[in-house]
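Reading through the structure tokens given below for one structure.
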Number of protein chains: 2
Amino acid sequence: MRFKTKGMEPLTTEQKIIKAASKLFTQKGYAATKTREIAEEADINLALLNYYFGSKERLYKEVVKDKLWMLLEVMIPILSDEKVSLEEKVMTIAENYTQLLLEHEELPIFILNEWTVNEDLFVDITRDARLFAKPVIEKQLKENGMKVSVPDFIANLLSLIMFSFVAKPLIVSSGLVEEGEFANFVNRRKGKIWEWMTKINQ
Amino acid sequence: MRFKTKGMEPLTTEQKIIKAASKLFTQKGYAATKTREIAEEADINLALLNYYFGSKERLYKEVVKDKLWMLLEVMIPILSDEKVSLEEKVMTIAENYTQLLLEHEELPIFILNEWTVNEDLFVDITRDARLFAKPVIEKQLKENGMKVSVPDFIANLLSLIMFSFVAKPLIVSSGLVEEGEFANFVNRRKGKIWEWMTKINQ
DNA sequence: CCAAGGGTTAAACAAATGATTAAATCATTT
DNA sequence: AAATGATTTAATCATTTGTTTAACCCTTGG
């Protein structure tokens with residue numbers, strides 16, 4: 001679905017539209033983004049948007065699918081891989097999420113908000129994305145002498161990594177962390193996640 | 001600002017509008033909510049909305065101020081009170097937030113999303129809400145032999161309490177926790193927060 | 001009693017918005 | 001170069017949307 005062009009080839013019209021729509025939808029949400037804005041941002045004619053994607057809604061679904069996948073692919077394959085130890089899992093996910101979210105700060109709040117506001121849209125997208133990792137994690141938790149449940153383990157892991165990004169406006173405007181220090185803040189936290197996870201779970 | 005009427009007196013027109021707007025804005029966001037919907041939900045004539053509030057935006061700001069305050073008043077006064085021990089603080093905040101968010105699940109994601117999407121709006125609202133609690137917490141962390149920084153302490157506390165609500169759609173649709181079990185899930189977590197916080201911070 | 005004024009209403013307005021159309025242009029094949 | 005299909009464009013359409021207007025109630029104070 002994704003074509004990463006190594007060189008300088010100009011984007012196709014379709015790619016330009018997706019890129020512009022991606023930026024605007026994640027910045028301002030579905031309803032606040034106007035098709036004319038997308039066209040302008042993509043530097044194409046309004047009619048092209050409907051020519052390629054049929055409607056604003058279909059374009060939106062493409063973007064959501066894309067962004068949701070960015071968020072899930074960091075987690076799903078690693079969690080369910082039996083050959084990866086629990087420590088490696090936590091370290092890798094912490095590392096990958098921190099890096100991803102520093103580059104796309106608006107990603108988690110966009111997805112979580114849209115998922116709340118527009119639940120039906122996600123029904124078909126996530127139909128086959130159930131968490132098949134449960135038994136694997138369960139086994140590894142026992143091996144590590146951790147007495148916590150799988151849901152608590154996952155919730156704690158994601159909380160400690162992702163919440164800072166979701167609550168960034170609150171954290172920054174409260175003066176808790178300076179805007180310019182935010183990257184350092186989350187990078188420092190990233191290095192402590194495994195320690196915290198082991199302590200929490202004994 | 002808030003009038004809690006004990007009895008059966010019918011809501012004033014102004015109250016009916018705020019109530020309807022509150023519901024719709026938090027459910028669907030600013031742009032997706034139409035003034036005609038608010039009027040219909042409030043069972044009043046459309047023109048009354050502008051008669052009482054001047055514009056959709058002014059009405060929206062009222063709602064945001066209200067909801068933001070609901071979210072902050074649970075935390076701010078308790079955190080900065082020197083007479084409340086650290087354990088009491090954590091326990092009380094965990095208790096109060098869990099209860100508040102079970103009753104208003106849409107609250108945190110609404111505020112955090114609007115804060116991201118519509119940052120300028122929050123500038124004046126939060127101008128005087130800086131976190132004056134820092135020195136108090138710092139002292140209490142030392143007294144409890146905790147080596148963590150204040151920002152990490154607050155981030156961990158809020159993460160462990162609030163993230164489940166923010167990420168509820170993800171947690172539920174992944175099959176991690178059943179919809180019907182969600183309240184039990186967060187209530188069980190609530191009871192462990194203080195234990196977790198002490199372990200994390202040694 | 002009635003005029004004044006706040007509260008309420010239906011109707012209308014202008015701008016915006018998502019979508020469509022039909023014609024023009026471009027690139028590729030015959 | 002003619003033909004064909006894909007791409008691009010400007011113009012237009014039909015609704016929607018936030019706001020305003022002007023008339024109409026209904027209570028109340030002089």
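Numbered from 1 within each chain, the chains take letters A, B, ... in sequence-line order. Heavy atoms only: backbone and side chains are in, while hydrogens, waters and symmetry mates are out.
- Nucleic acid contact class of T12(B) (heavy atoms, under 4.0 Å, all strands): none.
- Two residues are said to be in side-chain contact when any heavy atoms from C-beta on lie closer than 4.5 Å; F185(B) and S164(B) meet this criterion.
- Rounded to an integer number of Å, the gap from F53(A) CZ to dA19(C) P is 13 Å.
- Using bins of under 30°, 30° to 60° and over 60° for the plane-to-plane angle, the ring pair Y30(A)/F25(A) lands in the parallel bin.
- Rounded to a whole Å, the CD1 atom of I17(A) is 13 Å from the P atom of dA19(C).
- Heavy atoms of Y52(A) sit under 4.0 angstrom from primed sugar atoms or phosphate atoms, though from no base atom.
- If you take CG of L24(A) and P of dT17(C), they are 13 Å apart, rounded to a whole angstrom.
- A salt bridge is absent between K67(B) and E114(B): the closest approach of a Lys/Arg side-chain nitrogen to an acidic carboxylate oxygen does not fall below 4.0 angstrom.
- Contact between the side-chain N/O atoms of T35(B) and the OP1/OP2 oxygens of dG18(D) is found at a separation under 4.0 Å.
- The base-pairing partner of dT20(C), taking Watson-Crick or G-U wobble contacts with both distances under 3.5 Å, is dA11(D).
- The separation between Y51(A) atom OH and dA10(D) atom C1' is 17 Å, rounded to whole Å.
- If you take NZ of K34(B) and P of dT19(D), they are 12 Å apart, rounded to a whole angstrom.
- Using a 4.0 Å heavy-atom cutoff across all strands shown, L46(B) reaches at least one base atom of the nucleic acid.
- One interatomic measurement links the two molecules: CG of L49(B) to C1' of dT9(C), which rounds to 14 Å at whole-angstrom precision.
- E179(B) has a carboxylate O that lies under 4.0 Å from a charged side-chain N of K168(B), or vice versa, which qualifies the two as a salt bridge.
- In this structure, the nucleotide among dT8(D), dA10(C), dA19(C) sitting nearest to the side chain of T13(A) is dT8(D).
- Ion pairing between D152(A) and K192(B) holds under the 4.0 Å rule for side-chain N and carboxylate O.
- Pair assignment for dT30(C) gives dA1(D), based on Watson-Crick or G-U wobble hydrogen-bonding distances that are each under 3.5 Å.
- Looking at which nucleotide of DNA chain D each of D43(A) and R36(A) is closest to, the 5′-most match is held by D43(A).
- For the pair E14(A) CD and dT8(D) P, the interatomic distance rounds to 11 Å; values are reported in whole Å.
- Straight-line distance from the CG atom of N45(A) to the P atom of dT25(C): 15 Å, rounded to whole Å.
- Picking from dA10(C), dT19(D), dA10(D) the nucleotide with the shortest atom distance to the side chain of A47(B) gives dA10(C).
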